[in-house]
> 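Before I ask anything, here is the structure I am working with.
As a basis for the values below, the full set of heavy atoms in this structure was taken, side chains included, without hydrogen atoms, waters or symmetry mates.
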Amino acid sequence: MLPVKTLRDNLDSVKKGLALRNSDLSFEQWAKADQRQRQLKQEVETLKFRRNQASQEIPKLKKEKQPVDTLLNEMKIVSKEITAFETELKQIETEQEDFLLRIPNLPHTSVPLGKSEADNLEIRRWGKPADFPFEAKSHWEIGETLGILDFERGAKICGARFVLYRGLGARLERALINFMLDLHTGAHGYTETLPPFIVNRNSMTGTGQLPKFEDDLFHLKDNDYLLIPTGEVPLTNIHADEILDESDLPISYVAHTPCFRREAGSYGQDTRGLVRQHQFNKVEMVKFCTPAQSYAQLEQLLNNAETVLQKLNLPYRIVSLCTGDLGFSSAKTYDIEVWVPSQKKYREISSCSNFEDFQARRAKIRYRTEAGKVQHLHTINGSGLAVGRTVVAILENMQQADGSIVIPKILRPYMGGVEKIS
RNA sequence: GGAGAGGUGGCUGAGCGGUCGAAAGCGGCGGUCUUGAAAACCGUUGAACUGAAAGGUUCCCAGGGUUCGAAUCCCUGCCUCUCCGCCA
């Protein structure tokens, strides 16, 4: 959420920022309502001041045994006026709030300009894609042949875009989760958490999924609860409505959670395989820090995510999303894309973003500076990594001519010593 | 699911329908004392909006209601605790 003050004082620069991300909201209605809102507020406050004064006079008069009827009658009218003004005020406030919640974040100045994915800026590459002396198979072919991925039965149990992992496939997924958590809680200093996978509307609004992206979420029928589309939601909301101490920042959390996405509007994309499922596992990292720290912390979090791929020896590249491709809440985002041999393409496996104070405003996460001032902090998060897509990368990059898969060395202890799936 | 109790500032915890943003204690900060520290003592210490400032408005879980006036009374919801039942 952008501060109302910014809209009032710098509307032009807001509009420019939004235009960069292909967003062209009209602020006319907002500006009109804002004026009316301020006017009403003043009138209400004046009336309330009068009422508060009377509230002090009345008991005094009563003590002195003086008549209060006139005053009481006057106040009856004042109260009616207050109610009338407040009714209108409340309606406007609700509408204004809803409008504010639908405005995306402004891009940071370091974000490359561009209209779409095609304009994203490659920052660096790591590792060399293997040069197979045979035609690289897709991970679903490999997985089905080895009997470790069963898409048919996944669909039978629930529907399209669900999968059943079996045997060493399930074991591989679990090994990756444990490996990632161990790495981030160990060398990288994150605190492990295990949050709820179902959250309320308030939490979803806090991180920016609501009110705008309701259609992307799974709803529970009997409650006003929703399944998380990413661990970012529960992790960021850990400190919702709190005032933290500057000396405690930065705070870093990591968690493994399943993620649930409707994938409405992505018909026809990645219909086969693990890449786009309604349910997938992800290890998510979230940081809370001061504005001064946040961009350095973003780089650090990005490095933490990259380290996973390096230790698994999977080739990848880092891309800085252009203004037109930024997510709703993000001020700056790096995607990590892993090499997928069957597609001869780099595909997203992690997204690391600095939200600055956008989420902190929505979720009311603040900190007290050393000087004693209370202000919003910055939130950062990123996948470390999407687990299903890591399985994709391992199956495809580690495939052998005979159809077997060589398990990366670092994972073998997590696989009970298994070196190969065949 | 049934019965009961409760939700107040960083924490613990008072609070009669009016003078309560709210006692007291703890914690925090500043000071006195001390070579330094502790103890003791003194002072200070919530947030949002608005205003140049003085000030004003709001916030005692949330939302409604009663009233000239609500932290205080009523209703609904959410949450916590205790007991019973059920259960991984």
Side-chain angles (χ1 to χ4, degrees), chain A residues 1-9 30-31 33-101 194-206 210-211 219-220 222-226 234 237-249 251 258 288 357-377:
Chain A
M1 188 157 58
L2 303 179
V4 182
K5 252 193 192 132
T6 310
L7 294 185
R8 285 179 186 148
D9 302 342
W30 172 83
D34 188 52
Q35 284 226 320
R36 178 69 183 145
Q37 183 182 348
R38 303 181 83 172
Q39 186 193 344
L40 280 170
K41 208 164 198 173
Q42 274 196 355
E43 294 191 49
V44 167
E45 287 189 2
T46 312
L47 289 170
K48 281 190 173 172
F49 178 49
R50 178 75 197 101
R51 184 175 74 183
N52 288 344
Q53 279 182 324
S55 291
Q56 295 189 15
E57 285 168 36
I58 290 168
K60 264 189 211 152
L61 292 176
K62 278 188 175 166
K63 243 181 216 166
E64 293 163 13
K65 309 238 160 135
Q66 303 219 23
V68 293
D69 290 11
T70 329
L71 194 52
L72 242 53
N73 284 330
E74 191 197 328
M75 285 308 110
K76 263 186 198 175
I77 296 166
V78 169
S79 272
K80 280 212 176 98
E81 285 176 333
I82 290 177
T83 310
F85 280 133
E86 279 200 320
T87 308
E88 187 186 348
L89 185 60
K90 191 154 264 173
Q91 198 199 328
I92 293 178
E93 276 173 348
T94 309
E95 287 167 10
Q96 294 293 82
E97 170 86 355
D98 185 69
F99 179 76
L100 284 185
L101 287 173
L194 181 55
F197 304 151
I198 302 174
V199 300
N200 59 29
R201 282 182 169 269
N202 195 43
S203 295
M204 286 291 189
T205 308
L210 289 180
H219 294 59
L220 264 55
D222 299 324
N223 287 308
D224 208 4
Y225 290 164
L226 306 110
N237 279 286
I238 289 175
H239 292 300
D241 278 312
E242 291 183 21
I243 299 176
L244 305 172
D245 267 329
E246 177 165 8
S247 58
D248 293 331
L249 304 177
I251 296 173
F288 301 83
D357 62 5
F358 188 83
Q359 294 181 323
R361 274 177 203 288
R362 296 174 155 247
K364 300 190 181 67
I365 315 171
R366 292 168 295 174
Y367 75 105
R368 198 180 301 276
T369 64
E370 307 285 3
K373 251 190 83 180
V374 174
Q375 58 184 58
H376 292 102
L377 47 69

> Which one is paired to B:rG4, where only Watson-Crick or G-U wobble pairs with both distances under 3.5 angstrom count?
B:rC81
> Would you mind pulling out the nucleotide paired to B:rA38, Watson-Crick or G-U wobble, both distances under 3.5 Å?
none
> Assign A:Tyr225 to base, sugar-phosphate, or nothing according to its heavy-atom contacts below 4.0 angstrom with the strands shown.
sugar-phosphate
> What are the two closest heavy atoms between A:Met75 and A:Arg51, and how far apart are they?
SD-CA, 3.9 Å
> Report the distance from atom CZ of A:Phe49 to atom C1' of B:rU57, rounded to the nearest whole Å.
10 Å
> Report yes or no: do A:Asn200 and A:Ser203 form a side-chain donor-acceptor pair below 3.5 Å?
yes
> Base, sugar-phosphate or nothing for A:Lys63? Non-hydrogen atoms, less than 4.0 Å.
base
> How close or far is atom P of B:rC78 from atom CG of A:Asn202, stated in whole angstroms?
15 Å
> Would you say B:rG69 has OP1 or OP2 under 4.0 Å from some side-chain N or O of A:Asn52?
no
> Partner of B:rA24 by Watson-Crick or G-U wobble geometry, both contacts under 3.5 Å, or none?
B:rU12
> Is A:Lys373 touching bases, backbone alone, or none of the nucleic acid, heavy atoms closer than 4.0 Å?
nothing
> Check the distance between B:rG17's P and A:Gln56's CD and give it to me in whole angstrom.
19 Å
> Taking the P atom of each, how far is B:rG63 from B:rC78, in whole Å?
15 Å
> How far, in whole Å, is B:rU82 from B:rC49 if one measures between their C1' atoms?
41 Å
> What integer number of Å spans the C1' atoms of B:rA22 and B:rG17?
15 Å
> Tell which nucleotide pairs with B:rG17, taking only Watson-Crick or G-U wobble pairs whose two distances are both under 3.5 angstrom.
none
> If we take the P atom in both B:rA71 and B:rA88, what is their distance in whole Å?
48 Å
> Give the rounded distance in Å between these two atoms: CD of A:Gln66 and P of B:rC68.
21 Å
> Rounded to whole Å, how long is the line connecting atom CE of A:Met75 with atom P of B:rA70?
13 Å
> Looking across every strand, which nucleic acid part, if any, lies under 4.0 Å from A:Arg8 by heavy atom: base, sugar-phosphate, or nothing?
sugar-phosphate
> Counting side-chain heavy atoms from C-beta on, which of B:rG18, B:rG51, B:rU57 comes nearest to A:Pro59?
B:rG18
> Can you check the distance between B:rG7 and B:rC61, where both ends of the measurement are the P atom (answer in whole Å)?
8 Å
> Distance check, C1' atoms only: B:rC41 and B:rG46, in whole angstrom units.
26 Å
> Give me the ring orientation class for A:Phe99 and A:Trp30: parallel if the planes are under 30° apart, tilted from 30 to 60°, perpendicular past 60°.
parallel
> Using only side-chain N and O atoms of A:Lys41, determine if any of them is under 4.0 Å from OP1 or OP2 of B:rU58.
no
> Grab the NZ-P distance between A:Lys5 and B:rA48 for me, whole Å please.
10 Å
> Counting only Watson-Crick or G-U wobble pairs whose two distances fall under 3.5 Å, which nucleotide matches B:rU76?
B:rA62
> Which residue is it: A:Glu88, A:Glu93, A:Glu95? I am looking for the one with a side-chain hydrogen bond (donor to acceptor under 3.5 Å, both in side chains) to A:Gln91.
A:Glu95
> Which nucleotide, in any strand shown, forms a Watson-Crick or G-U wobble pair with B:rC29, with both distances under 3.5 Å?
B:rG43
> Using purine N1 to pyrimidine N3 plus N6-O4 or O6-N4 for Watson-Crick, or N1-O2 and O6-N3 for G-U wobble, each under 3.5 Å, what pairs with B:rU57?
B:rA48
> Under 4.0 Å, heavy atoms only, any strand: does A:Lys62 hit a base, just the sugar-phosphate, or nothing?
base
> Using atom P of each nucleotide, how far apart are B:rC16 and B:rG6 to the nearest Å?
13 Å
> Say we look at B:rG64 and B:rG27: how far apart would their P atoms be, to the nearest angstrom?
40 Å
> Please state how far atom CD in A:Gln42 lies from atom P in B:rG55, giving the value in whole angstrom units.
19 Å
> As a test of reading the structure: which of B:rG69, B:rC49, B:rG51 is closest to the side chain of A:Arg51, going by heavy atoms?
B:rG69
> Would the distance check show the side chain of A:Arg361 and the main-chain N or O of A:Leu2 forming a donor-acceptor pair, the cut-off being under 3.5 Å?
no
> Can you tell me if CD on A:Gln42 sees more than 12 non-hydrogen neighbours from other groups inside 6.0 Å?
no
> Has A:Ser79 got a side-chain N or O lying under 4.0 Å from the OP1 or OP2 atom of B:rU67?
no
> Among B:rU57, B:rG51, B:rG69, which nucleotide sits nearest the side chain of A:Ser55?
B:rG69
> Distance criterion of 3.5 Å, no angle test: do you see the side chain of A:Lys48 paired donor-to-acceptor with the base of B:rG56?
no
> At 4.0 Å (heavy atoms only), tell me whether A:Asn200 reaches a base, stays on the sugar-phosphate, or touches nothing.
nothing
> In the structure I gave you, are the side-chain heavy atoms of A:Leu244 and A:Ile251 within less than 4.5 Å of one another anywhere?
yes
